[in-house]
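Starting from 1, each residue takes its place in the sequence as its number. Just so you know, these numbers use all the heavy atoms, side chains as well, and skip hydrogens, waters and symmetry mates.
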Amino acid sequence: MQSAMFLAVQHDCGSMDKSAGSSPKSEEKREKMKRTLLKDWKTRLSYFLQNSSSPGKPKNGKKSKQQTFIKPSPEEAQLWSEAFDELLASKYGLAAFRAFLKSEFCEENIEFWLACEDFKKTKSPQKLSSKARKIYTDFIEKEAPKEINIDFQTKSLIAQNIQEATSGCFTTAQKRVYSLMENNSYPRFLESEFYQDLCVEVLMTAIISTVISCNTKTEMVSV
């Protein structure tokens, strides 16, 4: 089963566009980095699988970090393919998708979206203003450390809006980033080896049921 991360990665992720090089040396360095991230991605998700499938009571009354990533059933994992929101609503699915975006060098998209979700829930005007400035510094302004790929007009509008921050400061930018993930990264995630492995149990169950059914009918005919 071919993982989508081994396909040609040519899409609109801003950080990839900025870091891409045309020389053989830069391409070799890029592929080496991608292989390293891919290995890290698989290792972390395997850890979640092994440590979260059988949740128990945390020791000393403390919450265990991996217990927030409870492995979904194959049926639950299949729901992720029905809508992008289904994937984002799952803690395990969100963690998996975030790790996948990291392997594609565009983790800033989901980080920005999550920052906007947190921002919209903020009630205090003081906190709203400080969070708005941080989001702008981290994701919006030119040469930001996690600069997202949005048009200049939207960036300019945000720069004006954060002067008197409201919960809708980043609405347009968040919608565009959401659309970018939904139309580009999300389909590739659904084709990834990790996601396919989560769903394979459903397929095997269906195959076994079909085989048993066929055998039963054959026995009845023989009788």
Side-chain angles (χ1 to χ4, degrees), residues 3-5 7-21 26-27 29-45 48 69 80 84-85 87-122 128 130-159 161-162 165 167-192 194-195:
S3 171
M5 286 176 292
L7 299 177
V9 183
Q10 297 179 343
H11 51 84
D12 296 328
C13 292
S15 59
M16 289 190 70
D17 294 337
K18 291 184 290 184
S19 61
S26 63
E27 286 297 327
K29 183 178 180 181
R30 182 180 178 78
E31 286 303 315
K32 184 177 180 181
M33 183 184 298
K34 186 175 180 181
R35 287 194 296 270
T36 300
L37 286 171
L38 174 60
K39 183 178 180 180
D40 176 63
W41 180 75
K42 287 187 174 181
T43 300
R44 285 190 292 163
L45 291 178
F48 292 153
F69 298 95
W80 301 350
F84 187 38
D85 284 338
L87 173 63
L88 297 180
S90 164
K91 288 184 178 180
Y92 191 98
L94 179 60
F97 184 62
R98 186 171 184 171
F100 176 75
L101 289 184
K102 183 176 181 179
S103 76
E104 291 207 329
F105 304 95
C106 51
E107 186 182 10
E108 71 277 359
N109 288 330
I110 191 63
E111 289 189 357
F112 172 71
W113 185 85
L114 288 170
C116 289
E117 288 296 288
D118 174 69
F119 178 76
K120 290 186 295 185
K121 297 174 184 176
T122 304
L128 201 67
S130 63
K131 285 185 178 182
R133 288 194 298 270
K134 180 169 176 55
I135 291 175
Y136 181 80
T137 302
D138 288 348
F139 300 100
I140 307 299
E141 69 179 0
K142 187 177 181 180
E143 303 300 329
K146 302 176 183 179
E147 187 178 0
I148 56 173
N149 186 21
I150 57 175
D151 60 274
F152 177 77
Q153 183 178 358
T154 301
K155 287 188 175 185
S156 299
L157 181 61
I158 291 174
N161 289 340
I162 64 171
S167 59
C169 278
F170 304 100
T171 299
T172 300
Q174 186 183 17
K175 286 181 178 179
R176 294 191 179 185
V177 168
Y178 178 95
S179 178
L180 180 66
M181 292 190 295
E182 183 179 32
N183 295 321
N184 291 277
S185 301
Y186 173 55
R188 286 194 299 276
F189 172 78
L190 296 180
E191 294 174 358
S192 69
F194 170 73
Y195 178 71

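- S90 places no side-chain N or O within 3.5 Å of a backbone atom of L87 that could act as its donor or acceptor partner.
- What you find for E111 and K146 is that their closest heavy atoms are OE1-NZ, 2.8 Å.
- You'll find the side chain of L101 stays beyond 4.5 Å of the side chain of F189, heavy atoms only.
- Side-chain contact between L114 and R98 is present, with at least one heavy-atom pair separated by less than 4.5 Å.
- Here CZ of F100 is found 8.0 Å from SG of C106. Values are rounded to the nearest 0.5 Å.
- Separating the CZ atom in F112 from the CD1 atom in I140 is a distance of 4.0 Å, to the nearest 0.5 Å.
- For the pair M181 and Y186, the minimum side-chain heavy-atom distance is 4.5 Å or more.
- Going from atom CZ of R188 over to atom CG of N183 covers 10.5 Å, rounded to the nearest 0.5 Å.
- The side chain to side chain contact (heavy atoms under 4.5 Å, CB included) test applied to T172 returns T154, R176, not counting sequence neighbours.
- Remark: F119 CZ to L128 CG distance equals 4.0 Å, nearest 0.5 Å.
- Note that CD1 of I158 and OG1 of T171 are 9.5 Å apart. Values are rounded to the nearest 0.5 Å.
- Aromatic ring pairs are classed by plane angle as parallel below 30°, tilted from 30° to 60° and perpendicular above 60°; the pair W113 and Y178 is tilted.
- Heavy-atom minimum distance, N161 versus C169: O-SG, 3.6 Å.
- Between Q174 and E117, the closest side-chain pair of non-hydrogen atoms falls below 4.5 Å.
- Across Y92, Y195, F84, F194, a single residue satisfies ring-ring contact (aromatic ring centres under 6.0 Å, His included) together with F97, and that is F84.
- In plain terms, the two heavy atoms of I148 and N109 that are nearest each other are CG2-OD1, 4.1 Å.
- Checked against side-chain hydrogen bond (donor to acceptor under 3.5 Å, both in side chains), E182 has no partners two or more places apart in sequence or in another chain.
- Using a 4.5 Å heavy-atom cutoff, the side chains of F170 and I162 are in contact.
- One distance of note links NZ of K120 with NZ of K131; it measures 13.0 Å at 0.5 Å rounding.
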